[in-house]
Amino acid sequence: MTRTRPYLFYDIALSICSQCYAKVEGKIVFQDGNVYLLKRCHQHGSERVLIADDVDYYRRCREVLSRLRKCLWFTTRP
Ligand SMILES: [Zn+2]
């Protein structure tokens, strides 16, 4: 069983494979104080990209972004 995962799952993100540019589902995870995007392509396997080296900073950015997005969504409604 995959009970003990060495990282903390944070979010799902749509991404692309860096080799074939196919759309792949990515996972944003926190590991060792860093933020990674884990991607899995059917042809090229899994890939790990470092997004940020500060979890707290990344989290704050995301919160601001999602709040902004909600604001925009409400203000653009007719
Ligand atoms: Zn690929």
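Counting convention: from 1, in listed order, for ligands and their atoms alike. The structure displayed is predicted, hence computed values, not measured ones.
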Residues Ser46, Lys39; criterion side chain to side chain contact (heavy atoms under 4.5 Å, CB included); working and verdict: CA-CA 5 Å; Ser46 55; Lys39 298 189 276 187; over 6 Å; no
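- Scanning both residues, Cys17 and Val24, for their nearest heavy atoms gives N-CG2, 3.9 Å.
- Applying the ring pair (Phe, Tyr, Trp, His ring centres under 6.0 Å) criterion to Tyr57, with sequence neighbours excluded, gives no partner residue.
- Contacts of Asp11 classified as salt bridge (Lys or Arg N to Asp or Glu O under 4.0 Å), with partners at least two apart in sequence or in another chain: Arg62.
- Contact detail for Asp56 and Asp54: the closest heavy-atom pair is N-OD1, 3.1 Å.
- Any protein N/O/S atom under 2.8 Å from the Zn ion (ligand 1) was counted, giving 4 altogether.
- Residues passing the side chain to side chain donor-acceptor pair (under 3.5 Å) test with Arg59, sequence neighbours excluded: none.
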